[in-house]
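Scroll down for the structure; my scribbles are underneath it.
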Amino acid sequence: MRERTRSLARRLGVGHAEGVEPRTAAANFFHVSKSYDAGTYALQDVSLELARGEFVFLTGSSGAGKTTLLKLLFAAERPSEGQIVVLGRNIARLGDGAIPALRRRIGVVFQDFKLLPNRSVEHNVGMVLEVMGRPAKEVRARVFSILKQLGLQHRRHHHPLSLSGGEQQRVAIARALVNEPEILLADEPTGNLDPELTVDIMDLIASTASRGTAVVVATHELGIVSRYGKRTIRLEQGRIAEDVPAAGSAA
Amino acid sequence: MSVLPRASYFLRTALRGLRSNPVTTLVAMGTIAVSLLLFGSFALLLQNMQSLLDRLGDELYVTAFFEQGLPSAKQRELAVLAATVEGVEGVRIVSETEALERFRDGVGSGAALLEGLSENPLPASLEIALVPARRSAQGMAVVAESLNGLRGIEDLVSGEDWVEGYLRSVALVRGVCIGLGLILSIATMLIVANTIRLAIYARRDELEILSLVGASRSFMQTPFLLEGVLQGASGGVGALVLLFALFRLVLPEFEFGLEMLLGGIRLHFFGLGGMMGLVAGGGMLGLVGSVAALTGGWRP
């Protein structure tokens, strides 16, 4: 019985039944399907592994399942079939009470930013650290630092509605990065940026991968995908149509 | 994770929540204050009536009036006899002259009326103090019954009817206090619950984002609980201020009537414990109200 448990745990990428983290995988999908209505699949039989420090582009047309896959990764959705292990936790069996702790280890850049319009940029970014119970002084310092990296330090007291679309997007990115997450998920993070800023932002996101953060960027901008030459997973009607490894890496 | 940053966050968020809907917050606090003022008024009345009852315990006498012209020797004889009755703690003879002096002191300026009298109309009497166990309407009646019919005693006054009536009044006020307290507690909790529900609705976007970035349910709920407590406690403070103002400014206008009702006792405001109780009670009702709001359909 114990051997069976160990074997299953190894398959799922966890150390043992209580969920010790795997050494390399940030996330594993095992034959995952997600359906909202009976018979209509947003994702179907998806299996993949995301290593720590790996940068992955997720491409595909609208409705291909990119956003659903991202939502499954931070437990905003549960799989209808299959198993997903993220940072050592099995999403399919994760209790509601355990989800917040998992989410605190994952940064997410939402397509619609999800910023609070009546709060300052500083508050919007700092709320992630406040949720983690960091002292106010540390929150201010870390928020200033990340805003400076994104060229927004002078805007920290402004409200999002007084910022341009590109600036709002950078605030959303700052919020996702401020707690140095183990996984960064970005849904069209450069959709509102001009070409020059797009490169800057993508360089910043790519640099987080080089520091050990697993990064998944959902985008339909193929120009960016080809520029960075990273692993690219193309989804089509909820299935993985293509999984192209990073340029120069073994397939 | 330190407790202090979290406590600071919760307090800041709760205060910001209260400030963000000033009208709703003030209306809720005002309504709670009025509710607690009503309850506090009856509680204060009850407290004073109760303290009069405690004080009266030491002053409850059975008075036996001697027949007019009863010789002193006979009076002393009756006093010795009365002292042996079960339940009697002590006896004291009040002479005609002392009775007149007491009457003079009691009526104040009305004493001028006595000037026209050619002789003292007041009889001598025997003041019979009771042991603590008999200091009640029933105990007084038992002692009075034992002395009834003794030769030389013309009349017995024990005040048992007055005490019985007073006890009924205290019970009535206590009943009103409990009933009012229950009704107003429910009303206060409903007010807080509705205010918190509105606050949750107004901040649903913030709650959604907090949930997405990893805030636990308790992290999101605590500021709302604190808001409820602050609303209730503020209402309690408001009620206390209003009650004190009424006690100081309005009560003197009705002093005469209240003295008649309460038997000349000096009225006292709540002590520190009572005042803290009213504020803490408001806070507690606020907490229960916000818990009701959060458990009824909280889905961040």
Side-chain angles (χ1 to χ4, degrees), chain A residues 70-71 73-77 86-87 89 95-120 123-140 142 160 171-172 174-179 181-185 187, chain B residues 1-26 195-227 229-230 291 293-300:
Chain A
L70 294 181
K71 281 182 173 176
L73 275 166
F74 68 96
E77 299 282 358
V86 178
L87 299 173
R89 310 306 303 263
D96 285 348
I99 290 175
L102 177 70
R103 286 184 182 166
R104 288 199 283 271
R105 300 166 67 188
I106 300 171
V108 186
V109 182
F110 297 96
Q111 197 170 5
D112 57 354
F113 314 146
K114 292 204 185 299
L115 299 175
L116 290 169
N118 53 350
R119 300 278 189 276
S120 68
H123 180 96
N124 269 284
V125 177
M127 72 196 306
V128 178
L129 298 170
E130 284 185 312
V131 163
M132 297 170 76
R134 312 313 306 175
K137 198 174 167 186
E138 184 189 329
V139 172
R140 276 196 300 276
R142 286 174 69 172
V171 174
R175 187 181 61 196
L177 291 176
V178 73
N179 62 335
E182 291 167 69
I183 298 177
L184 175 66
L185 309 173
D187 199 356
Chain B
M1 274 182 265
S2 170
V3 173
L4 206 61
R6 276 179 187 258
S8 156
Y9 170 84
F10 291 147
L11 190 62
R12 275 185 286 124
T13 309
L15 291 173
R16 196 180 61 220
L18 291 174
R19 278 199 307 268
S20 64
N21 295 300
V23 177
T24 315
T25 301
L26 285 175
T195 315
I196 298 297
R197 272 195 201 104
L198 285 174
I200 292 169
Y201 184 75
R203 273 149 59 190
R204 62 195 184 284
D205 291 343
E206 183 177 350
L207 294 172
E208 185 204 348
I209 294 169
L210 278 169
S211 168
L212 290 172
V213 300
S216 64
R217 186 171 287 193
S218 63
F219 184 89
M220 292 185 278
Q221 288 182 337
T222 304
F224 291 110
L225 295 177
L226 212 50
E227 267 187 51
V229 172
L230 289 173
V291 167
L294 290 169
T295 49
W298 166 270
R299 289 287 178 272

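All figures in this text were calculated on a predicted structure; none of them were measured in a lab.
Interface residue Leu115(A): only backbone heavy atoms are found under 4.5 Å from chain B.
With values rounded to the nearest 0.5 angstrom, Ile106(A) atom CD1 is found 11.5 Å from Leu212(B) atom CG. Rounding to the nearest 0.5 Å places CE of Met127(A) at 6.0 Å from OH of Tyr9(B).
Checked by atom type and distance alone, the side chain of Arg217(B) never pairs as donor or acceptor with a backbone atom of Gly97(A) at under 3.5 Å. Side chain of Arg6(B) to main chain of Val131(A): a donor-acceptor pair is present (N/O by atom type, distance under 3.5 Å, no hydrogens or angles).
For a heavy-atom cut-off of 4.5 Å, chain A lies close to Arg16(B) in residues 13-22 of chain B.
Between Leu116(A) and Ile209(B), some side-chain heavy-atom pair lies under the 4.5 Å cut-off.
Taking both residues in full, the closest heavy atoms of Gly214(B) and Pro100(A) are given as O-CB, 3.3 Å, listed atom of the first, atom of the second, then distance.
Among Val128(A), Asn179(A), Val178(A), the single residue meeting the side-chain contact (heavy atoms from CB on, under 4.5 Å) criterion with Val213(B) is Val128(A).
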